[in-house]
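Scope of the values below: all heavy atoms of this structure, side chains included, with no hydrogens, waters or symmetry mates. Remember, predicted model here, so these are calculated numbers, not experimental data. Chain identifiers are assigned alphabetically (A, B, ...) following the order of the sequence lines, protein sequences preceding nucleic acid strands; residue numbering begins at 1 within each chain.
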Amino acid sequence: MPIRRMPFAPRMILPLAQHIGKPAVPTVSVGQEVVRGQLIARADGFMSVPLHAPADGVVEAMELRPSARGPWTECIVIRAYEASTQALRVGAARDMERLSPEQTLQAIQDTGMVGLGGAAFPSHVKLTVPKDRNIGTLVVNGCECEPFLTCDHRMMLELTDDLIAGTRYAMRATRVGRAVIGVEDNKPDAIAAIQARLPADGAISVAAVETKYPQGAEKMLIKSLLDLDVPAGGLPAQVGVVVNNVGTLAMLGRLLPGGHGLIERVVTVTGPGVARPGDYWVPLGTPMRHVLDWAGAGDVSEREIILGGPMMGQAVASLDVPVTKGVSGILVFDRNDIEAESRRKIYPCIKCGECVNVCPMGLNPSMLGMLAGAREYEAMGAHYHLGDCFECGCCTYVCPSNIPLVQQFRVAKGLLREQAAA
Amino acid sequence: MAPESLAQIFLGAVLANNFVLAMFLGLCPFLGVSNRLATAAPMGAATTFVMLVASLCAYGLNWLVIHFNIEFLRLISYIVVIASAVQLVEMVTKKYSPALFRALGIYLPLITTNCAVLGVALFQTARDYSFMQAITFALGGGAGFSLALLLMAGLRERLNLASVPNVVQGTALTLMLAGSLSLVFMGFAGMGAGE
Amino acid sequence: MNASTPSPASATPVTSGASMVRTLGAVATVCGVLIVSAYQGTLDAVTANKKIALERAVFKVIPGAVSVNEFWAGPGGVVPAGGAAPVDGIKFHVAYDAAGHIKGIAAEGAGKGYADVVRILYAYDPAREAIAGIGVIAMRETPGIGDKINTDRAFLKNFEALDVRLAPDRSTLAHPVKTVKHGSKQNPWEIDAISGATITSKAVGKGINDSAGRLLPRLLPHLDKLEKR
Amino acid sequence: MALPGQAPPSHLEEFLEGVWKQNPVFVMVLGMCPTLAVTVSAVNALSMGLATTFVLVGSSLLISSIRRLVPTEVRIATYILIIATFVTVVDYLIQAVSLAVYEALGAFIQLIVVNCIILGRAEAHAAKNPPLRATLNAAGMGLGFSIGLFALGAVREIFGAGKLFGFPLFGPDFQPWVVMVLPPGGFFVLAAWLLLFNWLKTRRPRSAPAQPTQGHVHGA
Amino acid sequence: MKHGAVRIELRASPHVKRGIGVERIMFNVVLALLPIALFSIWQYGLSALALLATVTLSCLVTERLFNRLGGQASTLADWSATITGLLLALTLPPAFPLWMGAVAGFVAIGLGKALFGGLGGNVLNPALVGRAFVQAAFPVSISTWAPAYAGQRFSEFIPSTFTLPLMTPPDIGPWARHALDGFTGATPLARWKFETYFTPAQDFLTGAASASAGETSAILILLCGGYLAARRFLDWRIPLAVLGAAALTAWAFQLYDPARYPGPLFVLLSGGLMLGAVFMATDMATSPVTPKGVWLYGAVIGVVTVMIRYFGGLTEGVMYAILLGNALAPLIDQYTQPRVFGAPRGKVRP
Ligand SMILES: Cc1cc2nc3c(=O)[nH]c(=O)nc-3n(C[C@H](O)[C@H](O)[C@H](O)COP(=O)(O)O)c2cc1C
Ligand SMILES: Cc1cc2nc3c(=O)[nH]c(=O)nc-3n(C[C@H](O)[C@H](O)[C@H](O)COP(=O)(O)O)c2cc1C
Ligand SMILES: Cc1cc2nc3c(=O)[nH]c(=O)nc-3n(C[C@H](O)[C@H](O)[C@H](O)COP(=O)(O)O)c2cc1C
Ligand SMILES: Cc1cc2nc3c(=O)[nH]c(=O)nc-3n(C[C@H](O)[C@H](O)[C@H](O)CO)c2cc1C
Ligand code: SF4
Ligand code: SF4
Ligand code: SF4
Ligand code: SF4
Ligand code: FES
């Protein structure tokens with residue numbers, strides 16, 4: 001099922017902090033009219049990205065609104081005009097071929113691009129190679145972040161040229177000569193599509209990797225593609241690699257030449273509670289309620305709504321939460337799933353070792369779990385490498401005793417962080 | 001001269017007649033210091049060493065008391081000499097090998113003369129072991145003590161994380177574990193017998 | 001218990017060496033007196049007890065005996081106990097009947113059993129050149145299994161006439177004493193094990209074999225010297 | 001024992017301390033080796049109890065009467081000397097009385113020397129109190145120890161042999177629980193007693209959350 | 001569309017689970033044990049049935065009792081006590097008096113599990129703690145074997161079965177010999193140890209050799225274990241390690257002295273090794289969790305078993321070997337922690 005467009009919601013809610021780093025600074029005022037694609041908030045320094053208007057309309061308010069994580073954050077609220085179309089108009093076309101790496105990075109920042117793989121980390125930061133390092137390979141992460149999600153798959157099929165172009169831009173920005181696109185082997189069509197479009201010079205290649213969550217985790221992917229171990233607690237850059245999600249690069253390829261801003265993204269809307277599941281082009285700022293109604297999940301009276309995938313996604317508290325740059329999927333579970341979940345009885349750890357076998361980081365969740373139970377958080381950090389846990393949730397997934405392992409680990413990390421801070 | 005072979009003596013003292021679990025020697029340190037793995041190993045090493053010292057002293061003293069026909073001074077001489085010998089060793093290590101002292105030294109006073117240590121002396125005398133037999137016995141006893149200590153420490157560390165009922169906490173728990181281990185070690189009874 | 005070194009740095013004022021020695025000396029004297037008097041006071045009773053115990057043990061395996069003498073059998077011959085023991089001598093007891101004739105010889109044997117060493121006292125009958133009975137001195141065998149060697153009729157029957165004849169060269173047993181699986185005894189020098197307690201049974205057999213094997217060759221040549229006089 | 005600042009306990013309290021409040025076996029968990037090793041029968045248990053009591057009383061009396069004369073440096077040495085003396089004495093006494101008991105108790109008579117209760121008493125009490133108090137307290141401890149041993153010995157003999165003091169309780173074809181007279185039995189029976197006491201403690205309404213009897217670190 | 005009273009569920013990720021719970025695993029183990037139990041009843045008749053029932057019941061009652069004392073809800077539903085009961089019964093000789101069986105069950109759950117905090121808290125295999133206890137308590141009864149396929153096994157009980165509580169069982173020798181003439185009462189292991197008689201393999205496979213109920217059906221045990229392993233309810237690596245190590249050790253000894261030592265096949269088929277390796281060494285609560293540790297643990301059990309059989313006083317060593325493995329498990333786990341991704345290689349952690 002190809003990607004479908006989703007109409008504008010009457011009101012668009014655009015948090016100024018949709019990315020890791022400093023929030024953007026508004027450049028418009030309440031009551032002002034905006035045009036789709038127009039800059040409405042500028043980047044506040046290097047570790048920040050600008051924001052663009054998703055639709056023609058008028059700035060109705062700038063106020064605090066609930067965010068997915070719970071706390072209320074500063075948002076620009078835009079009332080979209082009925083007449084607004086979804087064509088890309090505003091934007092100063094540029095000739096990418098003649099840009100220097102620095103200029104390319106600047107262009108990337110200007111599009112407001114962040115990692116669409118989930119972390120929403122400013123792409124230009126990631127692509128800025130530190131002086132002391134030299135990056136050898138650009139890894140393009142074509143794994144589907146999590147079960148249920150299909151957006152990356154669709155984009156690889158439908159935006160193949162953009163993907164290739166975007167990859168080239170990223171390569172220029174980082175000055176790397178080689179890029180590898182890693183795609184899970186359950187998507188042969190995507191692999192074929194990309195193969196057909198690969199440039200002749202062979203700088204870009206595509207490789208199939210085993211379909212096994214969390215294959216898409218940077219460290220895992222780098223391991224399976226290049227057989228490099230990113231040091232515990234380290235960043236990919238330390239082994240001369242930068243990882244970008246296919247979505248990120250495809251969007252770069254699509255937006256950079258026309259000098260457009262990131263104002264919409266592909267989102268997978270699915271789950272048992274959804275009547276018309278699939279991938280949609282969703283304008284940034286569209287409230288959850290609108291998306292659900294459109295996808296036919298509006299009248300589920302009792303449900304769980306998750307931003308992202310089932311393994312790492314975030315349950316949202318309010319239907320007014322908007323779609324932001326980091327949202328790759330919306331998952332809706334209905335009553336039955338919830339009850340099935342709540343019926344599960346929690347037993348003590350029976351040392352079955354499943355979690356140890358499954359942990360991609362080679363940790364010992366069983367031990368960590370028992371330590372957490374005994375509130376021995378220091379030991380967890382000091383002797384059992386809690387810090388290396390990237391919360392993939394595999395341990396909780398398999399635990400026959402239904403112990404909320406990763407959940408406990410988050411708490412423990414939080415507490416340790418607070419202690420470290422204090 | 002007892003009939004057992006050196007192998008039988010050693011294996012016996014380690015397994016079937018484990019000093020702690022079957023002969024009930026050195027229980028107080030066993031119950032007291034077996035809660036952490038980190039301390040178990042050095043504690044075992046120190047004890048083994050002291051037992052060796054005790055065994056040597058006892059062998060010599062026994063010869064003396066028999067030779068001069070003053071058996072009634074045996075016990076008193078054992079205890080005094082062993083105690084002072086250990087203190088001597090302690091001072092010497094402290095002076096010449098601080099590293100070793102830090103590793104074992106702190107435990108020495110704890111075990112200067114516990115049942116395991118004096119026990120080696122008394123049992124080797126009662127069974128009139130030859131010199132080699134005595135030393136083997138002491139080493140085996142030490143090894144057995146260390147093994148029991150390590151196992152117990154491992155189990156207790158794991159149980160610290162389990163939800164053990166309040167009533168069972170403390171010494172009662174340790175004793176139950178010791179009893180179970182003692183059951184397990186019965187399985188080695190008769191090792192090398194009959195041959 | 002814990003004799004912790006009193007650290008020099010302890011608050012108490014350091015006592016002069018002399019007084020230390022004095023006190024220790026005094027205490028030592030007191031203790032010495034106590035011990036020695038206890039030793040002397042109990043000596044007779046203890047020796048008496050030991051003698052009674054020994055006689056009871058020996059008379060049990062050698063019925064009809066009325067008195068016992070203790071000897072050492074060294075490589076060079078036999079000497080009465082009490083004097084200096086010969087190098088690797090073997091202690092044995094000679095039991096006499098009322099008439100003062102040798103009723104039998106008793107000696108100790110030991111073998112590794114199931115739980116620990118099993119020590120037994122066996123009676124040797126010079127006339128029949130055979131073991132005439134055994135008694136257990138010490139064992140830690142399992143009650144109900146190993147300790148049947150004390151009570152099991154069938155087992156004890158083995159030792160009413162267990163053949164320990166010497167080989168022609170008089171230096172070893174003609175047939176080593178051997179413990180065989182329950183119900184498979186064929187020769188007079190074999191011991192029929194207790195079913196379920198084979199190991200303890202073997203310990204007994206081994207004890208007798210080793211001890212008799214060493215004792216008899218030394219003892220028999222001098223048998224006459226042992227007559228009461 | 002009398003701590004500075006508080007009135008010294010009455011003589012009765014002094015005596016009863018070791019019998020119940022500070023019972024060496026069940027509360028302080030001291031002197032475990034003889035406790036477990038010789039309690040295969042009630043008789044052995046009581047004999048051991050008596051022997052230990054004798055040494056306790058004797059050494060405490062002597063030590064407390066010379067407590068002023070002994071310089072700190074040689075304190076421990078003196079105590080060990082004295083204790084060893086009394087052990088040797090009791091060793092001979094038992095031999096004189098009954099070889100059977102002597103055989104049964106074996107090396108554990110002489111091991112009384114290293115029984116922590118005794119040195120513990122010597123240091124903690126006898127060295128600080130006048131002879132009468134010291135003796136009373138020691139006697140109490142001895143009694144408490146004997147009671148503890150008996151509690152073990154009796155249970156082990158009843159289960160392990162179907163007898164008490166050698167008298168059959170259940171008739172001829174009772175099936176003995178051999179394990180009870182084997183080493184594991186010792187551990188289990190003592191553990192059972194401690195469990196029982198812990199349980200009673202937790203059940204008593206006013207008593208605070210179960211105060212588990214703590215393992216006693218050797219000499220610490 | 002209406003957005004009336006929406007109730008929104010908030011849970012931390014992950015939001016899906018594999019959904020194989022403890023009860024499910026345990027229940028499947030019970031299922032896998034039933035054929036073995038039935039087979040042992042077929043071999044030994046009414047007495048085996050009575051023993052299975054008594055021991056299991058005793059385990060369940062004890063579990064419930066300790067629930068009461070601890071003031072918690074019943075934990076019978078997790079099936080683990082049932083497993084304990086069945087396995088315990090399967091490791092006892094069919095002629096074992098019922099009252100002793102009840103004692104074994106009580107000790108297994110009480111001393112072996114409940115006092116350590118119940119499911120998952122125990123450090124030693126409860127069933128084996130129970131067996132070790134009665135083996136030390138009633139050494140004679142536990143080494144008294146009854147003949148398999150006795151003619152009247154479905155019409156009458158073995159005389160010792162209904163011994164009065166606390167009383168000594170009668171000698172079943174006469175009954176056994178009349179039930180099956182030429183019956184010696186020695187297990188294949190005992191016959192090898194004391195007569196160096198090598199029982200032929202087919203006796204084991206048909207279960208003609210006398211032994212603990214359930215010890216004698218190697219193939220059946222393997223089948224049931226295979227089912228569990230296939231459904232990933234038990235860790236196939238452990239049985240493999242145990243049996244492999246045992247076979248290798250036996251093979252080595254056979255090379256050394258073929259006249260004295262039997263071959264791997266005998267060692268694998270005789271005694272409780274199969275049952276132990278498949279169903280008891282695999283008890284999760286008492287086996288290591290680390291991948292390396294699991295292999296080490298299995299190997300230790302295999303080797304120790306053979307050592308006890310060859311050089312120990314006992315004729316069978318599986319039980320003690322497994323218990324020793326359990327006791328070692330915490331140490332093994334400590335020293336075989338997996339290598340953290342990206343951590344320098346070959347770094348051992350405390
Ligand atoms: C707090 C934080 C700091 C980061 N700093 C850098 C950086 O300095 N350089 C870089 O290339 N990536 C950086 N990253 C990006 C990470 O390498 C990773 O790609 C990003 O977190 C998204 O990864 P994920 O989607 O696997 O979580 C950072 C990420 C976070 C969360
Ligand atoms: C457990 C885990 C699973 C992940 N799975 C995927 C994935 O399947 N696909 C993906 O593109 N990114 C995935 N990520 C994020 C990647 O690690 C990486 O941060 C991202 O691809 C960086 O690209 P971006 O900065 O353009 O998002 C995952 C991260 C984690 C921690
Ligand atoms: C707890 C226990 C205690 C045992 N005690 C003894 C013992 O004291 N002496 C002995 O010979 N066998 C003892 N056995 C039996 C031996 O282990 C071995 O099985 C037996 O000697 C084999 O002899 P059999 O072939 O005649 O039955 C004991 C067994 C168990 C389980
Ligand atoms: C594969 C498997 C094997 C088991 N084996 C045993 C066993 O040998 N003995 C036992 O008491 N419980 C066994 N159980 C049940 C349960 O794990 C055991 O009672 C736990 O030790 C309780 O903490 C087993 C369970 C499983 C899944
Ligand atoms: S109770 Fe917990 S979840 Fe609720 S508001 Fe407070 S901290 Fe947050
Ligand atoms: S969440 Fe669990 S499985 Fe994933 S890394 Fe952390 S510990 Fe390992
Ligand atoms: S999966 Fe759950 S039960 Fe199994 S070991 Fe890990 S934490 Fe324990
Ligand atoms: S527990 Fe961890 S994840 Fe949860 S709020 Fe605290 S820090 Fe954040
Ligand atoms: S790395 Fe920060 S929570 Fe996992």
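Using a 4.5 Å cut-off between heavy atoms, B/L159 touches chain E through its side chain atoms alone. Contact annotation for B/L37: only side-chain heavy atoms (C-beta onward) come within less than 4.5 Å of a heavy atom of chain E. B/V168 touches chain E through its side chain: at least one heavy atom from C-beta onward sits under 4.5 Å away, while N, CA, C and O do not. Interface remark: E/A321 contributes no atoms to any contact with chain B (heavy atom separation under 4.5 Å). Both the backbone and the side chain of B/L150 come within contact range of chain E, each with at least one heavy atom under 4.5 Å from a heavy atom of that chain.
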Please test B/F137 against B/F19 for ring-ring contact (aromatic ring centres under 6.0 Å, His included), starting from the C-alpha separation and ending with a verdict.
CA-CA 10 Å; B/F137 185 59; B/F19 248 51; 5.3 Å; yes
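Between the side chains of E/K113 and E/S80, at least one donor N or O sits under 3.5 Å from an acceptor N or O.
Surrounding CZ of E/F106 are at most 12 heavy atoms belonging to other residues, nucleotides or ligands under 6.0 Å away.
Among the candidates E/L323, E/V123, E/N122, the residue making the largest number of heavy-atom pairs closer than 4.5 Å to chain B is E/V123. Annotation: maximal heavy-atom pairing with chain E below 4.5 Å, among B/L173, B/L151, B/V184, B/L15, occurs at B/V184. Between chain E and the options B/A153, B/S163, B/G179, B/A16, heavy-atom pairs under 4.5 Å are most frequent for B/S163.
Ring planes of E/Y310 and E/W192: tilted class, angle from 30 to 60°.
E/Y297 pairs with exactly one of E/N326, E/T286, E/T290 by the side-chain hydrogen bond (donor to acceptor under 3.5 Å, both in side chains) rule, that one being E/N326.
With contacts defined as side-chain heavy-atom distances shorter than 4.5 Å, the pair B/F188/E/L324 qualifies.
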